[in-house]
Amino acid sequence: MDGPKDQSDTLDRMLAAAAAARANAHAPYSNFKVGACLRGDSGRLFAGCNVENAAYPMGQCAEATALGALVAAGDKRVLECAVVAEGGRLTTPCGGCRQRLSEFAGPEIKVHICDPEGPRWSVTLGELLPHSFGREHLER
Ligand code: THU
């Protein structure tokens, strides 16, 4: 188990879950639909989409939606992340979502940046968010 074939099967399932969530995105203001899928420490997958609001700052990113589902279901750690969007450029998680993920993930986890056709770039959270602020900074 957990060989290259299992890993690519898992990524396929993550992409499918993220794409399915993306189809339900509520993005009437930006018309930019995003889906995300997180693999939690239980092995379960949690998907989310962006949920915008007429009061623009109240909108929520797909990663935040997926993270809320993971935490609500009782998982404690994020082991892998996939983000699916479509556009002229690859959609990397926003700064706020990088920070959100870092609360539950180490710098070594893979973040797969995808378009609807598949993964385009796999990067670590540490590469996306170097020198991050974490709970250890609160120790005095
Ligand atoms: N968005 C996400 O959901 N995730 C990202 O990684 C980037 C941006 C959303 C927020 C907003 O609803 C729309 O995309 C345009 O910024």
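Each ligand, and each atom within it, is numbered from 1 in the order the structure gives.
- Each of Lys5, Gln7, Arg13 was compared with Asp9 under the side chain to side chain donor-acceptor pair (under 3.5 Å) criterion, and only Lys5 meets it.
- Nearest heavy-atom pair, Ala47 versus Ala66, reported as atom, atom and distance to 0.1 Å: C-CB, 3.8 Å.
- Residues passing the ring-ring contact (aromatic ring centres under 6.0 Å, His included) test with His131: none are found, sequence neighbours excluded.
- Shortest non-hydrogen contact noted between Ala73 and Phe46 is CB-CE2, 3.4 Å.
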List of N/O pairs, ligand 1 versus protein, all under 3.5 Å?
from: ligand 1; atom 1: 3 (O); to: Ala62; atom 2: N; distance (Å): 2.9
from: ligand 1; atom 1: 4 (N); to: Glu63; atom 2: OE1; distance (Å): 2.9
from: ligand 1; atom 1: 6 (O); to: Glu63; atom 2: OE1; distance (Å): 3.4
from: ligand 1; atom 1: 6 (O); to: Glu63; atom 2: OE2; distance (Å): 2.6
from: ligand 1; atom 1: 12 (O); to: Asn50; atom 2: ND2; distance (Å): 2.9
from: ligand 1; atom 1: 12 (O); to: Glu52; atom 2: OE2; distance (Å): 2.5

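- Between Asp115 and Arg120 there is a salt bridge, since at least one side-chain N of the basic residue sits less than 4.0 Å from a carboxylate O of the acidic one.
- Minimum heavy-atom separation, Ala21 to Cys49: O-CB, 3.2 Å.
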